[in-house]
There are 2 protein chains.
Amino acid sequence: MTEQISGFVPHDHHHCITSALDTAADQCRERGVQFTPVRKRVLEILLEAHTAMGAYDVLARLDAEGLGSKPPVAYRALSFLVEQGFAHRIEKLNAFVACSHPAATHSPAFMICRSCNTVAEADMPETFGAPAEQAGFTIEKTVIEAEGICQNCKDSE
Amino acid sequence: MTEQISGFVPHDHHHCITSALDTAADQCRERGVQFTPVRKRVLEILLEAHTAMGAYDVLARLDAEGLGSKPPVAYRALSFLVEQGFAHRIEKLNAFVACSHPAATHSPAFMICRSCNTVAEADMPETFGAPAEQAGFTIEKTVIEAEGICQNCKDSE
DNA sequence: AAGGCAGTGTTATAGTATAACAAGTGCGCA
DNA sequence: TGCGCACTTGTTATACTATAACACTGCCTT
Ligand SMILES: [Zn+2]
Ligand SMILES: [Zn+2]
Ligand SMILES: [Zn+2]
Ligand SMILES: [Zn+2]
């Protein structure tokens, strides 16, 4: 199975959840940061959804489970996950999605299907190189998001 | 003067404002859409600022001039300008900026200086080609934004 | 025990954006 | 002339997104 670009293809979802959680736990141990119950559960929620979720959607789940009911609880956990690279923020959607390759640091690019709302993560090195150099601009973070329609949705039109 | 990437370089600003307004007026005539006073003034405000502005900042200006005081007035004008390609939305900043090359349709890329808040527009064709094709994804719009530090700010550190 | 630190709980508020409906304007046509 | 239509604007109300600030807890260190 090519895992270059997951998201639009079926896959063993139970496995991809537990494996991502394990990876996150490992990395937290290595980095000396805490993978607390709230943080873990939020990552798990994003992984289960397997698509981008708004902070308040995540919060609703937490609330239903008694893990927190106020916005800062969700926002803090999500910020942590984003900082650690376990999740990404999709600016275009004001939403968050679990990372598809949490092992390495990377600057991700996303393809967002406007029909089924699937968000697929691709790895896109070097995007900005030339114009940035030309302008003497030093890049620290990039946001790369494409909106369109995925193969599945195109086929079923 | 190289106009490849404006924004970080000094330029004749009065000229770039009037010329952008003229271009917009022409295009509206061609397309049969109305370049109303509010729409024109909002574009002018963005051009004068020459950086990204939040919708409520624009609205404050409109209000001071008696052109409208309620959010929808600003949002409608901004939406129009974005639709027509005279301005762009910067997702990362929840803000709007006048287009630097309003003549042709294009998919723009932005470099945002976190120090001086300058927003420079570059033209970036073909960014997403390969990974999108691989996934059978059809791109309709792209958001490409880089945050970092510009040459000027780097020099003065 | 005392103090510091990280995380969580909570209140309150700030900032961003749109739905819905009313009212004005210009324009072609009966 | 006067009506209907398309478009824009004015306004109210509300929804959605996000953070500041402070109190409290548990834990580790001194
Ligand atoms: Zn999965
Ligand atoms: Zn789809
Ligand atoms: Zn200018
Ligand atoms: Zn700068």
Side-chain angles (χ1 to χ4, degrees), chain A residues 24-25 27-43 45-46 49 52-84 86-97 117 143 145 147, chain B residues 24-25 28-29 31-46 49 52-84 86-97 117 143 145:
Chain A
Q27 304 227 336
C28 286
R29 219 171 297 123
E30 278 174 26
R31 297 173 191 167
V33 296
Q34 302 177 47
F35 200 41
T36 64
V38 185
R39 291 167 175 179
K40 178 171 179 178
R41 184 61 190 129
V42 169
L43 179 53
I45 288 168
L46 290 180
M53 293 181 77
Y56 281 77
D57 297 329
V58 172
L59 180 58
R61 299 282 196 99
L62 290 180
D63 195 9
E65 300 170 17
L67 277 171
S69 63
K70 305 298 167 39
V73 174
Y75 279 102
R76 285 193 286 231
L78 289 165
S79 299
F80 171 86
L81 297 174
V82 170
E83 274 160 23
Q84 298 297 321
F86 305 147
H88 302 291
R89 179 180 162 82
I90 310 294
E91 298 292 339
K92 178 115 190 171
L93 302 177
N94 294 328
F96 302 84
V97 67
N117 297 311
V143 174
E145 300 169 4
E147 192 178 55
Chain B
C28 286
R29 218 170 299 123
R31 295 173 192 166
V33 297
Q34 303 177 47
F35 199 41
T36 64
V38 186
R39 290 169 177 179
K40 178 171 178 176
R41 183 63 189 128
V42 169
L43 178 53
E44 205 171 14
I45 288 169
L46 291 180
M53 294 181 74
Y56 281 77
D57 297 330
V58 172
L59 181 57
R61 300 281 196 99
L62 291 180
D63 196 8
E65 301 170 17
L67 277 170
S69 64
K70 306 296 167 38
V73 174
Y75 279 103
R76 284 194 285 231
L78 289 165
S79 299
F80 171 85
L81 296 174
V82 170
E83 275 162 22
Q84 298 297 323
F86 305 146
H88 301 291
R89 180 182 163 83
I90 311 292
E91 298 292 339
K92 180 115 191 173
L93 304 177
N94 293 330
F96 301 84
V97 67
N117 296 312
V143 174
E145 301 169 5

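Every heavy atom of this structure was used, including side-chain atoms; hydrogens, water molecules and symmetry mates were not. So that the names make sense, note that chain A is the first sequence line, chain B the second, and so on, each numbered from 1.
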What is the separation between atom [atom1] on [X] and atom [atom2] on [N], rounded to the nearest whole Å?
X: B:Leu67; N: C:dG24; atom1: CG; atom2: P; result: 18 Å
X: A:Leu62; N: C:dT10; atom1: CG; atom2: C1'; result: 15 Å
X: A:Asp63; N: C:dT10; atom1: CG; atom2: P; result: 10 Å
X: A:Glu91; N: C:dA17; atom1: CD; atom2: P; result: 12 Å
X: A:Tyr56; N: C:dA17; atom1: OH; atom2: P; result: 15 Å

Between A:Arg76 and B:Gln34, which is nearer to the 5' end of DNA chain D once each is assigned its nearest nucleotide? B:Gln34
5' to 3' contact window, DNA chain D with chain B (heavy-atom distance under 4.0 Å):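 So the contact region on DNA chain D extends D:dC7 to D:dT12.
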What is the distance from atom [atom1] of [X] to atom [atom2] of [Y], rounded to the nearest 0.5 Å?
X: B:Glu44; Y: B:Arg61; atom1: CD; atom2: CZ; answer: 10.5 Å
X: A:Glu147; Y: A:Ile90; atom1: CD; atom2: CD1; answer: 11.5 Å
X: B:Leu46; Y: B:His88; atom1: CG; atom2: NE2; answer: 11.0 Å
X: A:Arg31; Y: A:Gln84; atom1: CZ; atom2: CD; answer: 5.0 Å

Compare all side-chain heavy atoms of B:Arg89 with those of B:Val97 and state whether any distance is below 4.5 angstrom.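 Side-chain contact under 4.5 Å: no.
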Under a 4.5 Å cut-off applied to non-hydrogen side-chain atoms, are B:Ile45 and B:Met53 in contact? yes
Taking the nucleotide of DNA chain C with the nearest heavy atom to each, does A:Arg39 or A:Lys70 sit closer to the 5' end? A:Arg39
Is a side-chain donor or acceptor of B:Arg41 paired with a backbone partner of B:Leu62 at a separation under 3.5 angstrom? no
Evaluate B:Phe96 against B:Val42 for side-chain contact (heavy atoms from CB on, under 4.5 Å), listing each step before the verdict. CA-CA 10 Å; B:Phe96 301 84; B:Val42 169; over 6 Å; no
Within the pair B:Tyr75 and C:dT18, is there a side-chain N or O less than 4.0 Å away from OP1 or OP2?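 Result: no.
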Rounding to 10°, can you tell me the angle the first-five-pair axis of the helix from C:dA1-D:dT30 to C:dA30-D:dT1 makes with its last-five-pair axis? 10°
